[in-house]
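First the structure, in the form of structure tokens, and then the observations on it.
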Amino acid sequence: MADEPLVLGIETSCDETGVGIVRGTTLLADAVASSVDEHARFGGVVPEVASRAHLEAMVPTIQRALKDAGVTAKDLDGISVTAGPGLAGALLVGVSAAKAYAYALGKPLYGVNHLASHICVDQLEHGKLPEPTMALLVSGGHSSLLLSTDITSDVRPLGATIDDAAGEAFDKIARVLNLGFPGGPVIDRYAKEGDPNAIAFPRGLTGPRDPAYDFSFSGLKTSVARWIEARRAAGEDVPVRDVSASFQEAVVDVLTRKAVRACKDEGVDHLMIGGGVAANSRLRALAQERCERAGIRLRVPRPKLCTDNGAMVAALGAEMVARNRSASSWDLSADSSLPVTETHVPGHSHEHDHDHVHEVSKENLYS
């Protein structure tokens, strides 16, 4: 609807320059410039390379999003940006750009949390989030169980990874198998042709005395790597498909088991799964199976909305505007370790002094 807030969101927490435009809970544009190919030869994301790629991609990606949405910068009701967590240099590029656009346009600025944004993006596909909602966020940097009673102000962490995140483990095992980077999609592809029960890899932190909701994938990663090394040392072929399927099954088994348990323990009947690993086909299938048995409704956005994107940041920004949350102040800074309990970084209200903005800069921004 025309009276719903129109918000542009900027996401630069890692290697994706994402710019999304949302009106209320309707997605109008989702423009992404990825630097993944620039990191592939290193086998992982290089922070300095990511920061420089964001600098080059920022303005063209914003212009593309505005064109795709069929709006101008002057039409916007606010600018939202990922303030953290993430790579410090990469975040700084996004925060600086958001400040410049918000100041020049005379629009409120909202620094929002990356993890909370991953939860809020589901509103663009399945409508308003139920309150409360349990969220399982799984990516290259995070494996978290979060309870959200208000996506703009109350997100409580129940569990998190104590070492490697799930996505990080996928990347490392893919590297050991010589499958390239990023590892998630290629392991998912090979696993479809393998036997998930071929090799009994360990399930971390699933003992009776282990933390109920925390995750650990370091031991699994080491176990798989040693199994592969032993086969190679013995001169035997490594069954890549079976290894991929068995490793993947160990990861998604733990993730879904703990997520369903958290829903039952907290009396929550909705589970949302987000983050890049949520695009994994086996994770989606096993989660659906276990949720149906437990009477829990599963919400998983389409794969493109699971990976880092500007749409999720715009979605949370639009929710901030709709609920009249306070805007961020101009001293907003990037926080690489911003806790999820800080869903956004508020500040005092601010006035926009347009006399200090050069007209030529405005013309460039409005184009």
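Starting from 1, each residue takes its place in the sequence as its number. Values below: all heavy atoms of this structure, side chains included; hydrogens, waters and symmetry mates excluded.
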If only atom types and distance count, is the side chain of S143 paired as donor or acceptor with the main-chain N or O of F215 below 3.5 Å?
no
Value for CG (L91) from SG (C14), rounded to nearest 0.5 Å, stands at 9.5 Å
D253 bridged to R290 by N-O distance under 4.0 Å:
yes
Carboxylate-amine/guanidinium proximity below 4.0 Å for E289 and R293
yes
Checking S328 side chain against V345 main chain: does a donor-acceptor pair fall under 3.5 Å?
yes
Using modelled atom types only, decide if a donor and an acceptor are shared between the side chain of D308 and the backbone of E16 within a distance under 3.5 Å.
no
Keeping the roles fixed (side chain from N309, backbone from T307), state whether a donor-acceptor pair exists under 3.5 Å.
yes
Do the side chains of M272 and M312 join up, straight or via other hydrophobic residues, at under 4.5 Å, putting them in one cluster?
yes
Nearest 0.5 angstrom please: R23 CZ to D75 CG, how far?
7.5 Å
With respect to L255, which candidate in L283, V260, I273 satisfies the side chain to side chain contact (heavy atoms under 4.5 Å, CB included) definition?
L283
Where at least one partner belongs to residues 291-327, residue pairs that pass ring-ring contact (aromatic ring centres under 6.0 Å, His included), sequence neighbours excluded:
none
What ring-ring contact (aromatic ring centres under 6.0 Å, His included) pairs are there with at least one residue in residues 74-97, not counting sequence neighbours?
none
Main-chain N/O of T152 paired with T343 side-chain donor or acceptor, under 3.5 Å
yes
For D150, is there an ion pair with R323 - N to carboxylate O distance below 4.0 angstrom?
yes
Ion pair check, E236 and R231, cut-off under 4.0 Å:
yes
Could you check whether any side-chain N or O of S51 sits under 3.5 Å from a backbone N or O of A90, counting only pairs where one atom can act as donor and the other as acceptor?
yes
Should the ring pair H118 and H114 be called parallel, tilted or perpendicular, given that the plane angle runs from 0 to 90° and is split at 30 and 60?
perpendicular
Hey, does the side chain of R64 reach the backbone of V32 with a donor-acceptor pair shorter than 3.5 angstrom?
yes
Do you reckon Y101 sits in the same ILVMFWY cluster as V22, going by side-chain contacts under 4.5 Å, direct or chained?
no
What residues, two or more places apart in sequence or in another chain, satisfy side chain to side chain contact (heavy atoms under 4.5 Å, CB included) together with A65?
V19, I21, A29, A31
